[in-house]
Amino acid sequence: QVQLVESGGGSVRDGGSLRLSCEVSGYTYYSSYCMAWFRQAPEKEREGVAALAADTSDTSYADSVKGRFTISKDNAKNTFYLQMDSLKSEDTAMYYCATAPAARCWGGTWRYGMDYWGKGTLVTISS
């Protein structure tokens with residue numbers, strides 16, 4: 001069974017940085033999935049933040065985080081990351097990692113749903 005466990009959330013000041021981690025277990029072929037980060041702020045809809053195709057290393061980002069966030073992976077650790085720099089108060093949210101078959105990364109369809117989800121880690125940015 002696929003399991004995802006996030007870590008790295010916390011509280012930082014405006015302009016600070018955080019790195020979120022998502023440890024993945026249960027896949028037979030770790031090079032064959034789409035990995036993504038989503039976030040949901042209070043009273044707002046869930047938003048797809050970034051995605052990375054494990055097979056091609058192609059990435060996709062929400063316009064709101066381009067140039068500030070970076071998604072990456074460490075195959076040896078079965079872990080993927082979200083490096084968040086220049087954080088703003090509007091980045092405050094619960095962040096979730098998610099995975100799905102590799103094809104979900106194509107054409108941006110990852111934004112509409114993934115198959116497996118972590119339980120979330122809270123990121124709070126204070127001014």
Residue pairs fulfilling side-chain hydrogen bond (donor to acceptor under 3.5 Å, both in side chains) with at least one residue in residues 5-20, sequence neighbours excluded: Ser17-Asp85
hydrophobic_cluster_shared for Tyr81 and Val49, side chain cutoff 4.5 Å: no
Min side-chain heavy-atom separation Met35-Val24 under 4.5 Å: no
With a cut-off of 3.5 Å and sequence neighbours excluded, list every side-chain donor-acceptor pair involving residues 120-127.
residue: Thr121; atom: OG1; partner: Gly9; partner atom: N; Å: 3.1

Considering all heavy atoms, the nearest Cys105-Ala51 contact: SG-CB, 4.2 Å
Smallest separation among heavy atoms of Lys73 and Ser57, with atom names: CE-OG, 3.9 Å
Aromatic ring pairing Phe38/Trp117, orientation class (parallel under 30°, perpendicular over 60°, tilted between): tilted
ILVMFWY network linking Val65 to Phe80, side-chain heavy atoms under 4.5 angstrom: yes
Residues that Asp74 engages under salt bridge (Lys or Arg N to Asp or Glu O under 4.0 Å), provided they are two or more places apart: none
Hydrophobic cluster membership, Tyr33 vs Leu52, 4.5 Å side-chain cutoff: yes
Salt bridge (Lys or Arg N to Asp or Glu O under 4.0 Å) pairs, two or more places apart, involving residues 116-127: none
Note, Thr56 side chain near Trp106 side chain (heavy atom, < 4.5 Å): no
Under 3.5 Å donor-acceptor, Arg68 side chain and Ser86 backbone: yes
Shortest non-hydrogen contact between Lys44 and Gln40, atoms and distance: O-NE2, 3.0 Å
Quiz: residues 93-101 side-chain donor-acceptor pairs under 3.5 angstrom, not counting sequence neighbours:
residue: Tyr95; atom: OH; partner: Arg39; partner atom: NH1; Å: 2.9
residue: Tyr95; atom: OH; partner: Asp91; partner atom: O; Å: 2.6
residue: Thr99; atom: OG1; partner: Tyr27; partner atom: OH; Å: 2.8

Neighbour count >12 (heavy atoms, 6.0 Å) for atom OH, Tyr61: yes
Residues Ser64 and Glu47: side-chain donor-acceptor under 3.5 angstrom: yes
Nearest heavy atoms of Trp110 and Cys34, plus distance in Å: CB-SG, 4.1 Å
Stepwise side-chain contact (heavy atoms from CB on, under 4.5 Å) check, Leu20 with Phe69: CA-CA 11 Å; Leu20 306 182; Phe69 290 12; over 6 Å; no
Check: Trp37 and Ile71 side chains under 4.5 Å, non-hydrogen atoms: yes
Residue list, side chain to side chain donor-acceptor pair (under 3.5 Å) with Ser60, at least two apart or on another chain: Arg111
CA sep, side-chain torsions, deciding dist, call: Leu87, Leu18, side-chain contact (heavy atoms from CB on, under 4.5 Å): CA-CA 8 Å; Leu87 284 161; Leu18 281 173; 4.2 Å; yes
Glu23 vs Asn78 side-chain heavy atoms within contact, under 4.5 Å: no
